[in-house]
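Read through the structure below, which is laid out as structure tokens, and then see the notes.
Side chains are part of it too, since the values below use all heavy atoms of this structure and drop only hydrogens, waters and symmetry mates.
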Amino acid sequence: MATRFDHFRAERIEVRDVNVYRKYSEQLDHALRGDFAWLDAEIRALFPETPEVKAQPFNVVRRVADMFSRLYRQPVQRFFRSPTGAEVDFAKFRELYAASGIDRALLSCHRKLVVQQSQIGIVLPDRVRRVCLRTFSPWEVDIVPGNTLFPESIEHAAEVRCLVEVDRVVSGGVSTSRYGWIVLTPSEAWIETPAGNRSSLYNPGTDDLSHPFGEIPAFSIATEDAMTGWSMPPVDEPLRAICVALAARTGDLAHILHFQGYGQPVVEPDSPEFDGVPQSNAQEVSLGVNKILFLKSGKFRIVTPTAKVAEYSSFIEALLRWYALTRGVDQDQFMKAATARTAVSRRFDRADRAEERRNFVQLFAPVETRLARLVAKVSNHAGMVTLPEDVTVEVRYHEPVDRVDPLNDAMARAKEYELGERSRADYVVARDNVPRVQAFERVARNLAEQSFLEQIAKAPAGDLGRLVEAPSNASA
């Protein structure tokens, strides 16, 4: 007798086409960088009988990535702490981060994360007192699970492979690149060429492929969980689809206008010959902006067909609006609104962006600590700078200020100051991302200057000289 649990007990085998997954991921990375050569093949597949249709690429992928990846666009404040409470000089950490361009690398990671939905990062030794943070998209990564219960976990992986260029030859204006792998295991790390040759990653110049980290020296970050049987989540396929659709439909629209919206010269002769030219040779009539056409007999005119493209144009705009609606993107980011929007509607959009921002802050919080510990381990192993490996990191990001309604915002802040819910220093810290001491100094100085200016405004004319000289003497 069959039961409702029989489908769980039956053997399940799933075969996946990983090549399609890698193809979509690679296409999104190319689009993010402004490379749309891959669109030609997509257009040929959509219009196999119309080779005249050309792709019209737009930077939709880059726009979406830039819209949501704002955490590291402004300098951030990192607070390094030791779990033991011991006194540690973290100035070396900050110097190493600044020299290595960690913020710039994390900005690149964030931009790719928005469109790829996952990233793998590794820390490599670079030059003296400098490391290199490299992040990889799904098409560049192959993860061999060490424990099938945790297929997406880097900590439980048996092996992680990251695609890397190992050789480049330029000849006759043609560049040929050969790729290999960075291979990471819990005990070894090496660079592997297509021929199978291995070179040590963390012990360059030696045959020692081992590393002392005791784990795979990498971190992962993802905006979605991986499906069962996968090690990484899917890429943002709707974003890729809208990129292809916009390029294809706009190219098709241009094709229609070119072949249906042109001016067609028409000759209407009064006799079998048109100014001495047989009708069969009418194309020999010389036309152009610098030509004068003198007609002895017959008529000449330009007929312009009317291409029916209004509905097509509306459909393209609707595609963008539908995507913006489902992605949580402000439609005005893609096109100008036909009507004015109220401050209330803009506030709702700002609230949505703030929620998206908070989600990314939570995602990057554990990554920052994981990254700091990897930087410390790599630095210590390479003999660069001795750093504590059990460090924890707290990051304070720059809060963007969207001045949708400046007057209303100022009144709301004044009410918060009055009720004691917020101080002026809190606002300066959040707006400019400066240390709290510096914010207090700035607010105190501004209030003192404002009080002084109010005294000048109320003082009699004879006292102005004395008031102006007082601050000068005090500063001297």
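- Residues S25 and Q116 bring a donor and an acceptor atom of their side chains to less than 3.5 Å of each other.
- For E394, the side-chain hydrogen bond (donor to acceptor under 3.5 Å, both in side chains) criterion is met by R81, not counting sequence neighbours.
- Residue pairs that meet the salt bridge (Lys or Arg N to Asp or Glu O under 4.0 Å) test with at least one member in residues 24-36, sequence neighbours left out, are D29-R33.
- Nearest heavy-atom pair, L253 versus I316, reported as atom, atom and distance to 0.1 Å: CD2-CD1, 4.2 Å.
- Taking OG of S200 as the reference point, atom CG of L209 lies at 5.5 Å (rounded to 0.5 Å).
- Donor-acceptor pairing under 3.5 Å is recorded for the side chains of E155 and S153.
- We find that K23 and E42 are joined by a salt bridge, their nearest charged nitrogen and carboxylate oxygen being less than 4.0 Å apart.
- Checked by atom type, the side-chain pair W190/E188 shows no donor-acceptor distance below 3.5 Å.
- By the side-chain hydrogen bond (donor to acceptor under 3.5 Å, both in side chains) test, K92 pairs with no residue at all, sequence neighbours left out.
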* Between N359 and V361, does a side-chain contact (heavy atoms from CB on, under 4.5 Å) hold up when you go through it step by step? -> CA-CA 5 Å; N359 293 337; V361 169; over 6 Å; no
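- Here the closest heavy-atom approach between residue H211 and residue P217 is recorded as NE2-CD, 3.9 Å.
- For the pairing with I216, the side chain to side chain contact (heavy atoms under 4.5 Å, CB included) check across I143, I122, L184 returns one residue only, L184.
- Distance check, rounded to the nearest 0.5 Å: CG of L374 to CG of L124 gives 10.5 Å.
- By the side-chain hydrogen bond (donor to acceptor under 3.5 Å, both in side chains) test, H110 is found to be paired with no residue, residues two or more places apart in sequence or in another chain being considered.
- Remark: the backbone N or O of T135 is paired with a side-chain donor or acceptor of K112 at under 3.5 angstrom.
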Using residues 228-236 as the side-chain source, report each donor-acceptor pair under 3.5 Å to any protein atom, sequence neighbours left out, with the distance given to one decimal.
{"residue": "S231", "atom": "OG", "partner": "P151", "partner atom": "O", "Å": "3.0"}
{"residue": "D236", "atom": "OD1", "partner": "L239", "partner atom": "N", "Å": "3.4"}

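- Checked against salt bridge (Lys or Arg N to Asp or Glu O under 4.0 Å), R445 has no partners two or more places apart in sequence or in another chain.
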* Check step by step if side chain to side chain donor-acceptor pair (under 3.5 Å) holds for Q119 and S220. => CA-CA 6 Å; Q119 288 289 290; S220 63; over 6 Å; no
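- A 6.0 Å sphere centred on CG of D225 holds no more than 12 heavy atoms belonging to other residues, nucleotides or ligands.
- Within the structure, every pair that satisfies the salt bridge (Lys or Arg N to Asp or Glu O under 4.0 Å) test and touches residues 133-148, not counting sequence neighbours, is listed here: R22-D142.
- Annotation: cation-pi pair R327/F68 present, NZ/CZ under 6.0 Å from the ring centroid and within 45° of its normal.
- Ring to ring, Y72 and F364 are close: their centroids are under 6.0 angstrom apart.
- Atoms CZ and OG1, on F360 and T223 in that order, are 6.0 Å from each other to the nearest 0.5 Å.
- Contacts of E49 classified as salt bridge (Lys or Arg N to Asp or Glu O under 4.0 Å), with partners at least two apart in sequence or in another chain: none.
- Taking OG of S69 as the start and CG of L32 as the end, the distance is 8.5 Å to the nearest 0.5 Å.
- Of the possible polar contacts, none joining the T50 side chain to the F47 backbone as a donor-acceptor pair under 3.5 Å is found.
- In this structure, F93 has its ring center at least 6.0 angstrom away from the ring center of F79.
- When all heavy atoms of C243 and F36 are compared, the closest pair comes out as SG-CE2, 4.0 Å.
- In this structure, V115 and A65 approach most closely via the heavy-atom pair CG1-CB, 4.1 Å.
- Pairs engaging residues 248-257 under the side chain to side chain donor-acceptor pair (under 3.5 Å) rule: D252-Y312 [sequence neighbours left out].
- For the residue pair S177 and E165, a side-chain donor N or O sits within less than 3.5 Å of a side-chain acceptor on the partner.
- Not a single donor-acceptor pair under 3.5 Å links the side chain of N197 to the backbone N or O of T193.
- At least one donor-acceptor pair closer than 3.5 Å links the side chain of H381 to the backbone N or O of Y202.
- Under the 4.0 Å criterion applied to side-chain N and carboxylate O atoms, D390 and R373 are not assigned as salt-bridge partners.
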* salt bridge (charged side-chain N to carboxylate O under 4.0 Å, His left out) between K54 and D40: does it pass, once the steps are laid out? -> CA-CA 7 Å; K54 304 298 181 183; D40 292 338; over 6 Å; no
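- Of all heavy-atom pairs between P388 and F90, the closest is CG-CE2, 3.9 Å.
- Rounding to the nearest 0.5 angstrom, the gap separating the CG atom in L71 from the CZ atom in R111 is 13.5 Å.
- Applying the 6.0 Å contact sphere to CZ of R44 captures more than 12 heavy atoms from other residues, nucleotides or ligands.
- Atom CZ of F219 is separated from atom OG1 of T369 by 12.0 Å, given to the nearest 0.5 angstrom.
- For the pair S118 (side chain) and A222 (backbone), a donor-acceptor distance under 3.5 Å is absent.
- For E368, the salt bridge (Lys or Arg N to Asp or Glu O under 4.0 Å) criterion is met by R78, not counting sequence neighbours.
- For E95, the side chain to side chain contact (heavy atoms under 4.5 Å, CB included) partners at least two apart in sequence or on another chain are R129.
- Among all heavy-atom pairs drawn from V114 and V64, the shortest one is CG1-O, 4.0 Å.
- Residues passing the salt bridge (Lys or Arg N to Asp or Glu O under 4.0 Å) test with E389: none are found, sequence neighbours excluded.
- Using a 4.0 Å cut-off between a side-chain N of Lys or Arg and a carboxylate O of Asp or Glu, E356 and R70 do not qualify as a salt bridge.
- With a 6.0 Å cutoff to the six-membered ring centre and a 45° limit on the axis angle, R240 counts as a cation-pi contact of Y24.
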